[in-house]
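Shown next, in structure tokens, is the structure this report addresses.
Residue numbers begin at 1 in each chain, while the letters A, B, ... track the order of the sequences. Predicted, not measured: the structure shown is a model, and the values here were computed from it.
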Amino acid sequence: MARIIGALTSSHIPSIGNAISNGKQQDAYWKRFFDGYQPVLQWLDAQQPDVAIVLYNDHGLNFFLNNLPTFAVGAAQEYITKDEGWGLPVFPAYHGYPEMSWHLIESLIEQEFDIAMCQEMAMDHAFINPMRLFWPNENPPKIKTIPVAINTVQFPLPRPARCFALGKAIGHAVASWPTDEKVVVIGTGGMSHQLDGERAGFINKKFDEMCMEALLNDPERLARYSALDLVREAGAQGAEIIMWLAARGALLGNVSKIHSSYHIPISNTAAGVLAMANQ
Amino acid sequence: MARIIGALTSSHIPSIGNAISNGKQQDAYWKRFFDGYQPVLQWLDAQQPDVAIVLYNDHGLNFFLNNLPTFAVGAAQEYITKDEGWGLPVFPAYHGYPEMSWHLIESLIEQEFDIAMCQEMAMDHAFINPMRLFWPNENPPKIKTIPVAINTVQFPLPRPARCFALGKAIGHAVASWPTDEKVVVIGTGGMSHQLDGERAGFINKKFDEMCMEALLNDPERLARYSALDLVREAGAQGAEIIMWLAARGALLGNVSKIHSSYHIPISNTAAGVLAMANQ
Amino acid sequence: MNAATVSQQAIPGTYLFDGRMAMKGYNLNRMCYSFNSADNRKKFKAFPEAYCHAYHLTREQIHAVTDLDVLRLLQVGGNIYYLAKLTGIYGMTVQDLGAQQTGRSIDEFRARLESQA
Amino acid sequence: MNAATVSQQAIPGTYLFDGRMAMKGYNLNRMCYSFNSADNRKKFKAFPEAYCHAYHLTREQIHAVTDLDVLRLLQVGGNIYYLAKLTGIYGMTVQDLGAQQTGRSIDEFRARLESQA
Ligand SMILES: [Fe+3]
Ligand SMILES: [Fe+3]
């Protein structure tokens, strides 16, 4: 059976992509942020996972309000990237793994998650930037990917508890996949930030620190928040922490911390990375 | 609070639309079929419901495999009809009820149904034909509609038990809507038929009769079947009975039969209609 | 894919459109989905093979399309809901499809339907 | 809509994009969604008002668009994820948006962000 070896959760701020493209990793503004990923890169290098299941939120590139899924699972041979409207560069397509996608889809439907199935899907910065952060030397990396999109565009958002349960269901699905492949689960978004409204610029360091701690040791605590609570505590877009919670849910074993890093601000956002091993 | 006064379940066979358009209701082939709807029309005329929640399955008009929801709820001001590829006539748009749609969506997400939200949606024969059967004198009828699409195109289909639970959740949602509007739930599709494969033409009268009986008196019995069981017993497209089961789920009160009618064949299909009151 | 692979063999004469079939048939079904538009139907009818090539169909799929061979269309990954839009271009009814797939005449196929009443 | 209506007032300075806002803003957001295409961005930039009319925007919405007034864009039903594609056409960064919405200069807004470290 396949094994989930850990979860990597990371911010996906658009400007990260520009910094990478322009080689600014060692500039004063960026150094501390990028250095925070080094221990995770070393862990990935040692582990060499075969598959990445990426829990991310589309920002209005692949999905529109005419058919907006709460949870969507990719089942494509490859995942293209596309212009998001800001002239971000378009990259070669990421490798898919449709056979395992279908296994995941079948298992999730059996576990009564009412997912949308996507045999074609364009990835935005929320998928691309964490991939570029975790695999800085190849684009696309060799790893096979399965994107799982969670709605953060339109309220009602899924309940955080439901996102956590989705992660658990993904954990069960992977455990019943017959190869011995190594799977890493990635959750992207957050941490606290708010782009819109008179409250724009809101950041909540204390809450972010609680999240990091709770994700490691007491994820149910975070799962008890409502989506509205998350908006209040983490800012309107800070609610993206539900992807971290979903990724954490997939770790059904003993969880230990590989590394974490936290930095205020990158762009308008409290940027964080947390890597957890699953034994 | 709004009240669900009953559920109407009906076949949606494309040729029904042609028969109506060509005024063939009293032709030898069609008379028995259309006469079977008369008692339901009388009930509707007496009840004058305000809202119809229509559980149907899209046949590749509104949704494609690039983003195929398991459950999708409409939240549009109106629902257009479109060419399905066979030159079926295009009708004026049906009236939506977005305010109640959003209440339904909020309630379903709260109850942990992971629906897709659709603020634009084109209806195919699976929505149109039952509407034309139940409201033969107006097109579009005055009644406000909320379409709810269930995936029958791509396996895995949702479990029948999950469809039944969706219906129940719709029942709870309607009960918490603050007006005193009268709601009718419509489930479309079936009954037994199979269009594809060497088994094309398969019909199972005995199973259909069991379904009619179980829907009235013991819906849990039908909910225990798997989707694959339904394909085996009712034919590949007979699995559309899951929409009937979902509609029945919405009846949380005491259920009694208003009328049923059954006729083999219309086109390739065992055609049925079942109307149930909810007290 | 285990459950899916098993279920393919589960019901004789029945092609469950599961993930395995979906992977095979994506381009074919995408083409058939385009036939929701009258304009696309016209373009297809004028030059069927060119239209198939534009959707990157395999040779096997193109032959099944030009032969209007329903069982082969299913075997190469076609989904009946989308395929019906293709066969509809040639005025085939679901009775025509049933007759062809079961090796019956239309009258024999209709008789089989009525015999189940 | 009850829960939604309540939640609109729940967090000061925050516009929850719920069903009520979605109904208001559908055409505006549809227009902004079209800006994923470079070609559409060019067309918009050449004739912004004509482009807005093609998407049936209200007068209020058109003014908010041509003024690039973010708070008003939110109030007339814009969703920040789609709006960002509009403001991106004019090279506005999320710091520019934050500064404008909070009535600060860019430097003041950046200082506020850093003050929370
Ligand atoms: Fe984001
Ligand atoms: Fe049907």
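- C:Ala84 touches chain B through backbone and side chain together, each having a heavy atom under 4.5 Å away.
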### Message
ring pair (Phe, Tyr, Trp, His ring centres under 6.0 Å) for B:Phe64 and C:Tyr26? Distances and angles first, verdict last.
### Response
CA-CA 10 Å; B:Phe64 184 59; C:Tyr26 190 72; 5.5 Å; yes
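- Here B:Asn268 is the residue among B:Asn268, B:Ile203, B:Leu195 with the most heavy-atom pairs under 4.5 Å with chain C.
- Among all heavy-atom pairs drawn from B:Pro265 and C:Glu114, the shortest one is CD-CG, 3.7 Å.
- For the atom pair CG of B:Asp83 and CZ of C:Arg41, the computed distance is 4.0 Å after rounding to the nearest 0.5 Å.
- For a residue to count as touching a neighbouring chain, one of its non-hydrogen atoms must lie under 4.5 Å from one of that chain's; by this rule B:Asn62 touches chain C with the backbone only.
- When all heavy atoms are compared, the tightest approach of C:Gly98 to B:Ala200 is CA-CB, 4.0 Å.
- B:Arg199 contributes atom CZ, which lies 6.0 Å from atom CD1 of C:Ile11 (distance to the nearest 0.5 angstrom).
- The environment of CD in C:Glu60 is sparse: at most 12 heavy-atom neighbours from other residues, nucleotides or ligands sit within 6.0 Å.
- Interatomic distance, OG1 of C:Thr102 versus CD of B:Glu198, reported as 9.5 Å (0.5 Å rounding).
- Here C:Tyr81 is the residue among C:Tyr81, C:Phe109, C:Phe35 with the most heavy-atom pairs under 4.5 Å with chain B.
- Rounded to the nearest 0.5 angstrom, B:Phe202 CZ and C:Leu113 CG are separated by 12.0 Å.
- Nearest approach of B:Ala236 to C:Thr14, heavy atoms of both residues: CB-CG2, 4.5 Å.
- When each of C:Ala38, C:Gly88, C:Ala117 is checked for heavy-atom pairs under 4.5 Å with chain B, C:Ala117 comes out on top.
- Of all heavy-atom pairs between B:Gly201 and C:Gln116, the closest is O-NE2, 2.7 Å.
- The nearest pair of heavy atoms linking B:Leu228 to C:Ala10 is CD2-CB, 4.1 Å.
- Within the 4.5 angstrom heavy-atom criterion, atoms from both the backbone and the side chain of C:Arg30 approach chain B.
- Within the 4.5 angstrom heavy-atom criterion, atoms from both the backbone and the side chain of B:Asn66 approach chain C.
- In terms of heavy atoms, B:Gly60 sits closest to C:Asn36 at O-ND2, 2.9 Å.
- C:Phe17 is not listed as a side-chain neighbour of B:Asp196, based on a closest heavy-atom distance of 4.5 Å or more.
- Side-chain contact check for C:Val94 versus B:His193: every heavy-atom pair is 4.5 Å or farther apart.
- Atom CG of C:Asn79 and atom CZ of B:Phe155 lie 10.0 Å apart (nearest 0.5 Å).
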